[in-house]
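Each remark here refers to the structure printed beneath this line.
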Amino acid sequence: INAECMGEVIMSQELISRRRLQELVQQIDPREKLDPEVEELLLDLANDFIDNVARTSSSLAQHRKSDTLEVKDVKFNLENQWNIRVPGYGSEEAKPYKKQPVDPLHKQRMTLVKRTQTGAAKAAPK
C-alpha cells in the first residue's frame with residue numbers, strides 16, 4: 001500500500017460494518033444485544049483506532065524514506081504507542097533485560113553499609 005494514499009483510503013470507507021460488529025458480539029455471547037448508541041460508539045472507536053494506526057504507521061514508513069507501508073511499520077506503532085503485541089509477526093523472543101549500570105558512588109555507599117552491618121553483628125553480645 002502506498003503510504004501517502006493510506007489516509008485517503010481509510011477515510012473513504014467504513015472499516016468495520018454493523019453486521020461484523022454484531023457477529024463479533026454473537027461470538028462472545030449469543031444472547032447479547034447492543035443498544036444502537038453503544039453500537040455506534042463502538043463503531044466510531046474502532047474506526048478511529050484503525051485510522052490512527054494507519055496514519056501513524058504511514059508516517060513511520062515515510063520517515064524510513066519508503067512509499068510502501070510494511071508490517072514492521074504497523075508492528076512498531078502498535079507495540080510502542082498502544083502496547084499491543086501481535087503474535088506471529090516478527091520475532092517472538094523476549095527482549096533482553098538490560099541491567100542498569102551501577103553508579104560508583106552508590107556502590108561505595110553499599111559497601112560501607114555492609115561493612116557497618118557486619119561490624120555491628122560481630123560487636124553484638126551473644
Side-chain angles (χ1 to χ4, degrees):
I1 297 175
N2 186 317
E4 293 176 7
C5 298
M6 186 54 139
E8 293 152 20
V9 170
I10 295 299
M11 294 308 289
S12 68
Q13 62 184 354
E14 185 179 69
L15 300 169
I16 294 182
S17 67
R18 289 185 186 279
R19 190 172 135 241
R20 180 65 182 135
L21 179 62
Q22 291 166 353
E23 288 172 3
L24 289 170
V25 170
Q26 293 301 308
Q27 287 177 3
I28 295 169
D29 185 357
R31 298 168 300 194
E32 189 65 43
K33 298 285 184 210
L34 294 178
D35 289 336
E37 296 89 21
V38 172
E39 192 173 90
E40 189 65 35
L41 177 66
L42 289 174
L43 289 169
D44 287 345
L45 285 172
N47 287 327
D48 288 346
F49 172 76
I50 294 169
D51 181 56
N52 180 287
V53 170
R55 287 179 189 275
T56 306
S57 300
S58 295
S59 296
L60 290 170
Q62 289 173 344
H63 181 73
R64 293 188 294 107
K65 309 279 191 254
S66 175
D67 62 350
T68 304
L69 180 63
E70 296 178 13
V71 171
K72 65 183 175 181
D73 300 313
V74 177
K75 182 178 181 290
F76 183 84
N77 180 28
L78 289 174
E79 287 181 358
N80 290 298
Q81 185 174 356
W82 299 97
N83 199 26
I84 297 174
R85 286 172 181 63
V86 181
Y89 292 97
S91 64
E92 291 298 315
E93 61 194 50
K95 293 181 181 177
Y97 172 74
K98 291 183 180 178
K99 189 174 181 180
Q100 295 293 326
V102 178
D103 181 29
L105 187 58
H106 175 71
K107 197 172 187 177
Q108 185 180 10
R109 285 189 210 125
M110 292 306 294
T111 303
L112 184 59
V113 167
K114 287 179 184 176
R115 277 193 215 144
T116 305
Q117 288 175 345
T118 56
K122 289 180 183 177
K126 294 181 182 183

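- For Gln26, the side chain to side chain donor-acceptor pair (under 3.5 Å) criterion is met by no residue, not counting sequence neighbours.
- A single hydrophobic cluster is seen to contain both Val53 and Val86, as judged by linkage of ILVMFWY side chains at heavy-atom distances under 4.5 Å, directly or through other members.
- Within 6.0 Å of CD on Gln108 lie no more than 12 heavy atoms contributed by other residues, nucleotides or ligands.
- Follow the hydrophobic side-chain contacts under 4.5 Å out from Ile84 and you never reach Leu45; the two are in separate clusters.
- One distance of note links CD of Glu79 with CG of Asn77; it measures 10.0 Å at 0.5 Å rounding.
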> Should Glu70 and Lys75 be marked as a salt bridge (Lys or Arg N to Asp or Glu O under 4.0 Å) after you check the CA-CA gap, both sets of side-chain angles, and the distance that decides it?
Replying inline: CA-CA 9 Å; Glu70 296 178 13; Lys75 182 178 181 290; over 6 Å; no
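- In this structure, the side chains of Ile50 and Ile16 come closer than 4.5 Å at one or more pairs of heavy atoms.
- The structure places OG of Ser59 at 12.0 Å from CZ of Arg64, a figure rounded to the nearest 0.5 Å.
- No side-chain donor-acceptor contact under 3.5 Å links Asn52 to the backbone of Asp48.
- For the atom pair Leu78 CG and Phe49 CZ, the distance stands at 5.5 Å (nearest 0.5 Å).
- With hydrogens and angles disregarded, a donor-acceptor distance shorter than 3.5 Å links the side chain of Thr111 to the backbone of Lys107.
- Arg18 is listed as a side-chain neighbour of Leu43, based on a closest heavy-atom distance under 4.5 Å.
- In this structure, Thr56 OG1 and Asn80 CG are separated by 11.5 Å, a value rounded to the nearest 0.5 Å.
- Glu37 contributes atom CD, which lies 11.5 Å from atom CG of Leu42 (distance to the nearest 0.5 angstrom).
- Residues Arg115 and Thr118 approach most closely at O-OG1, 3.0 Å, considering heavy atoms.
- With sequence neighbours excluded, the residues that form a salt bridge (Lys or Arg N to Asp or Glu O under 4.0 Å) with Arg20 are Glu23.
- With sequence neighbours excluded, the residues forming a side chain to side chain donor-acceptor pair (under 3.5 Å) with Gln22 are Glu39, listed by chain and number.
- Closest non-hydrogen pair, Leu60 versus Asp73, comes out as CD1-O, 3.5 Å.
- The two atoms that bring Leu69 and Ser58 nearest to each other are CD1-N, 3.8 Å, heavy atoms only.
- Between Thr68 atom OG1 and Gln62 atom CD the span is 11.0 Å, to the nearest 0.5 Å.
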